[in-house]
Amino acid sequence: MKKLLFILLSVLSIQTVGAQTLERVAPEQVGMDSRRLMYTDELIETAIANEEIPGAVLAVVKDGKMAYLKAYGNKRIYPNKEPMTTQTVFDMASCSKTISTAICTMILVERGKIRLSDAVSVYIPEFQNWVSEDGKEKKTIRVADLLTHTSGLPSYGPTAKLEEEYGSPNPEGLMKYISTCKRIYKPQTNWTYSCLNFITLQNIIEKVSGQTLREFARENLFDVLGMDYSDYLPTVRDKKGNWVNTSDAHWAKLVEGDWHDIIAPTEKQANGQVLLGQVHDPLARIMNGGISGNAGVFSRAEDLAILCAALQNGGEWNGRRILSPQGVKAMRTVPRGAVEEFGRTLGWDNYSAYASNQGALFGRNTYGHTGYTGTSVIIDPDNNTSVILLINAVHPVDGKGVVRLRSLVANTVAASICPAPRAYFPHYYKRFLQFMDEPAITSEDILMLGDSLTEGGGDWGKRFGKENVVNRGIVGDEVMGVYDRLHQILPGKPKKLFLLIGTNDVSHDLSTDSIVGLIDKTITRIQKESPKTKLYLQSLLPINESFGRYKKMTNKTYQIPEINARLEVLAKEKKIEFINLFPLFTEKGTNVLRKELTFDGLHLKEEGYQIWVDAIKKKMK
């Protein structure tokens with residue numbers, strides 16, 4: 001029996017390695033302001049409206065949790081349109097250098113298989129070092145020089161010429177070219193962002209490990225963290241001249257239908273083909289067949305969020321470690337000495353001229369990288385925050401930059417790291433996240449806004465026979481809780497809004513003056529930010545203390561009609577309609593909630609909700 005139990009637990013353990021995701025939380029739960037984060041929405045949506053990008057996915061990781069995850073626009077706009085989703089897989093382009101090649105290199109460094117100060121020729125004997133023009137001076141090119149882009153290798157290779165000479169794909173021919181091509185300066189005296197550096201690192205990884213880069217990354221990085229939607233996708237050109245994949249993606253068995261369908265396409269080729277699952281970078285695609293140290297990883301926001309969380313946590317996430325804390329720190333730190341002025345770490349960018357995607361507000365230890373297709377990853381260890389911005393900016397045609405947009409998004413995210421003015425209970429944030437994931441409020445929507453009485457009404461649209469009636473109630477909510485989530489509602493300028501709030505404020509022993517004052521503040525904001533919204537202020541409902549369920553409501557029966565009298569006056573002052581529901585629910589001649597309408601003295605049975613619906617249904621037109 002014990003052996004069977006052990007086997008079952010082992011199977012469950014293996015199964016849980018895959019399909020990992022970070023815990024999603026409301027921004028306020030990790031010290032971020034969701035209202036400020038909405039400025040990122042505006043930036044991205046403006047770029048889409050201006051046809052600068054087709055769409056995007058933004059993920060923000062804070063304290064190891066997913067604080068923001070949102071999709072915008074379309075993943076495809078040619079030859080047809082397909083909406084972007086948070087599950088979309090992107091061609092990560094040069095971000096592959098950091099999220100795979102650099103990390104794989106550091107894994108082998110930690111295992112004693114690679115030494116950063118070793119000459120590249122230790123691993124690739126035919127690799128030539130730098131020699132001066134007159135042949136009198138020589139300097140060794142070392143592994144660390146490849147990682148910091150200070151090797152002296154040129155930025156790229158002549159793809160068309162290499163294909164003509166060696167054929168496609170031909171990784172050996174490409175490495176032969178890199179090994180012997182002209183070095184453009186003495187190592188460590190300058191820096192040139194070079195894809196050739198990381199293709200060389202790929203060859204070192206493969207020689208040392210005896211595996212392809214795809215295999216090594218899968219076994220030692222992606223599988224360890226459960227990054228099931230991250231992979232290199234081998235590709236060749238078929239007889240018709242179209243690029244096709246030669247093996248399935250790792251996630252092929254995890255999705256229904258064609259596994260290509262979740263990928264964001266990139267550029268339309270000269271023959272009319274739109275690349276979809278075939279890496280955009282020419283050297284990676286044409287010469288390396290899709291598996292390349294400089295580009296080739298396809299991934300999605302949730303996988304990258306796990307990786308960022310692990311790096312934020314010293315190389316470990318959810319009990320699974322890819323690097324030691326010392327390895328992570330070394331990888332994100334600019335080496336001292338001759339290369340310090342260039343701002344490149346061991347695989348990442350700290351403060352070089354290419355680091356504008358970090359914006360101007362994150363900490364000085366922030367590191368990150370970008371990809372030509374439009375991808376970007378930045379990690380701020382000081383604020384324990386990562387920003388993942390994924391865009392297929394080269395679809396359907398190349399030529400539109402996202403450099404400025406990346407920087408602006410980084411700034412708005414950094415500026416949202418602010419303590420929340422108030423803290424609420426877990427269910428509040430659970431509902432808050434549900435509202436974030438629902439379709440945005442529009443000018444055609446009618447909102448039921450309030451606390452548990454509203455949430456308990458369930459599908460208000462069904463009750464009224466109108467699909468545009470939306471339930472925005474939260475169990476346990478209070479007036480300021482409603483106020484603090486109006487930014488999820490008011491930008492959509494809803495058609496009508498029915499507000500019933502204040503009962504929980506009564507249980508918190510707030511005075512009548514205080515409760516009415518807070519409701520006044522809330523109404524003022526609604527009228528200011530959405531002046532065309534028809535606002536209805538509903539009275540508080542009666543309670544029945546005889547149930548003895550809610551001790552904090554003891555002796556509160558007579559405060560509620562006092563509040564309602566003041567709310568009616570407030571409604572007149574604000575020139576909005578007051579709906580007095582209170583007398584419809586009381587026992588005759590009292591201020592007490594009728595027993596047959598409640599199961600606990602506060603919340604309503606179905607008969608109570610029917611009374612409420614009958615009272616306001618004419619106003620739903």
Side-chain angles (χ1 to χ4, degrees), residues 37-61 66 68-78 81-99 229-230 233 260-268 274-281 284 294-305 307-308 349 354-359 362 368-379 386-414:
L37 277 170
M38 290 179 70
Y39 288 119
T40 63
D41 299 344
E42 183 180 342
L43 288 168
I44 296 170
E45 287 164 357
T46 298
I48 293 170
N50 292 340
E51 299 184 352
E52 297 169 13
I53 59 174
V57 174
L58 173 67
V60 178
V61 179
M66 185 76 84
Y68 208 64
L69 179 63
K70 193 165 185 179
Y72 310 81
N74 295 294
K75 69 178 180 182
R76 176 189 288 276
I77 58 174
Y78 176 86
K81 288 188 177 181
E82 295 178 17
M84 187 73 75
T85 75
T86 57
Q87 307 303 308
T88 299
V89 171
F90 287 79
D91 178 344
M92 294 303 299
S94 284
C95 282
S96 306
K97 293 180 174 74
T98 56
I99 65 174
Y229 291 84
S230 300
L233 305 179
H260 290 87
D261 291 344
I262 65 172
I263 301 175
T266 56
E267 191 175 0
K268 178 184 176 183
V274 177
L275 295 178
L276 182 68
Q278 301 83 34
V279 62
H280 180 264
D281 180 85
N294 69 312
V297 174
F298 285 75
S299 189
R300 68 176 186 177
E302 288 186 299
D303 277 20
L304 296 168
L307 176 60
C308 289
D349 195 350
Y354 283 39
S356 64
N357 63 316
Q358 298 177 15
F362 277 115
H369 213 278
T370 62
Y372 186 85
T373 52
T375 55
S376 172
V377 177
I378 60 175
I379 303 173
S386 299
V387 183
I388 300 158
L389 180 60
L390 305 180
I391 304 171
N392 55 333
V394 295
H395 174 69
V397 294
D398 194 2
K400 295 181 179 179
V402 292
V403 173
R404 184 171 184 272
L405 177 61
R406 288 167 173 159
S407 181
L408 293 173
V409 168
N411 284 339
T412 55
V413 173

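Nearest approach of Arg300 to Thr88, heavy atoms of both residues: CB-O, 3.3 Å. The shortest heavy-atom contact between Asn392 and Lys75 is ND2-O, 2.8 Å. When all heavy atoms of Ala355 and Asp349 are compared, the closest pair comes out as N-OD2, 3.3 Å. Taking every heavy atom of both residues into account, Thr375 and Asp91 meet most closely at CG2-O, 3.6 Å. In terms of heavy atoms, Leu275 sits closest to His280 at CD1-CA, 4.0 Å. Nearest heavy atom pair, residue Met66 against residue Ala59, reads SD-CB, 3.9 Å.
Here the OG1 atom belonging to Thr46 is positioned 11.5 Å from the OH atom belonging to Tyr72, to the nearest 0.5 angstrom. Between Ile388 atom CD1 and Leu304 atom CG the span is 5.0 Å, to the nearest 0.5 Å. Note that CG of Leu390 and SG of Cys95 are 8.0 Å apart. Values are rounded to the nearest 0.5 Å. Distance check, rounded to the nearest 0.5 Å: CG of Leu389 to CD1 of Ile391 gives 4.0 Å. If you take OG1 on Thr266 and CG on Asp398, they are separated by 9.5 Å, rounding to the nearest 0.5 Å. Atom-to-atom distance recorded for Asp281:CG and Met92:CE is 14.0 Å, nearest 0.5 angstrom.
Judged by distance alone, the side chain of Lys268 and the main-chain N or O of Val397 form no donor-acceptor pair under 3.5 Å. Looking only at distances, no side-chain donor or acceptor of Glu42 sits under 3.5 Å from a matching main-chain atom of Thr40. Judged by distance alone, with hydrogens and angles left aside, the side-chain atoms of Ser356 form no donor-acceptor pair with the main-chain N or O of Ser407 at under 3.5 Å. Side-chain atoms of His395 do not come within 3.5 Å of backbone N or O of Arg76 as any donor-acceptor pair.
Taking 4.5 Å as the limit, every side-chain heavy atom of Tyr354 sits out of range of all side-chain heavy atoms of Thr370. Phe298 has its side chain out of reach of Ile262: every pair of non-hydrogen atoms, C-beta onward, lies at least 4.5 Å apart. Contact annotation: the side chain of Val387 never approaches that of Ser376 to less than 4.5 Å [non-hydrogen atoms, C-beta and beyond]. Annotation: side chain of Thr98 is not in contact with side chain of Val377 (no heavy-atom distance under 4.5 Å). A heavy-atom distance below 4.5 Å is found between the side chains of Phe362 and Val413. Looking at heavy atoms from C-beta onward, Leu233 lies out of side-chain contact with Val279 at the 4.5 angstrom threshold. With contacts defined as side-chain heavy-atom distances shorter than 4.5 Å, the pair His369/Ser94 qualifies.
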Q | Residues Thr373, Phe90; criterion side chain to side chain contact (heavy atoms under 4.5 Å, CB included); working and verdict | A | CA-CA 9 Å; Thr373 52; Phe90 287 79; over 6 Å; no
(Q) Could you go through Met84 and Lys70, starting from their C-alpha distance and side-chain angles, then the distance that decides it, and tell me whether this counts as side chain to side chain contact (heavy atoms under 4.5 Å, CB included)? (A) CA-CA 10 Å; Met84 187 73 75; Lys70 193 165 185 179; over 6 Å; no
Q) Between Leu58 and Val409, does a side chain to side chain contact (heavy atoms under 4.5 Å, CB included) hold up when you go through it step by step? A) CA-CA 9 Å; Leu58 173 67; Val409 168; 4.1 Å; yes
Q | Intermediate values then yes/no, side chain to side chain contact (heavy atoms under 4.5 Å, CB included), Lys400 and Ile53 | A | CA-CA 8 Å; Lys400 295 181 179 179; Ile53 59 174; over 6 Å; no
Q. So Asp303 and Ser230, side chain to side chain donor-acceptor pair (under 3.5 Å) or not? Walk me through it.
A. CA-CA 7 Å; Asp303 277 20; Ser230 300; 2.9 Å; yes
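Looking at residues two or more places apart in sequence or on another chain, you find no side-chain hydrogen bond (donor to acceptor under 3.5 Å, both in side chains) involving Asp261.
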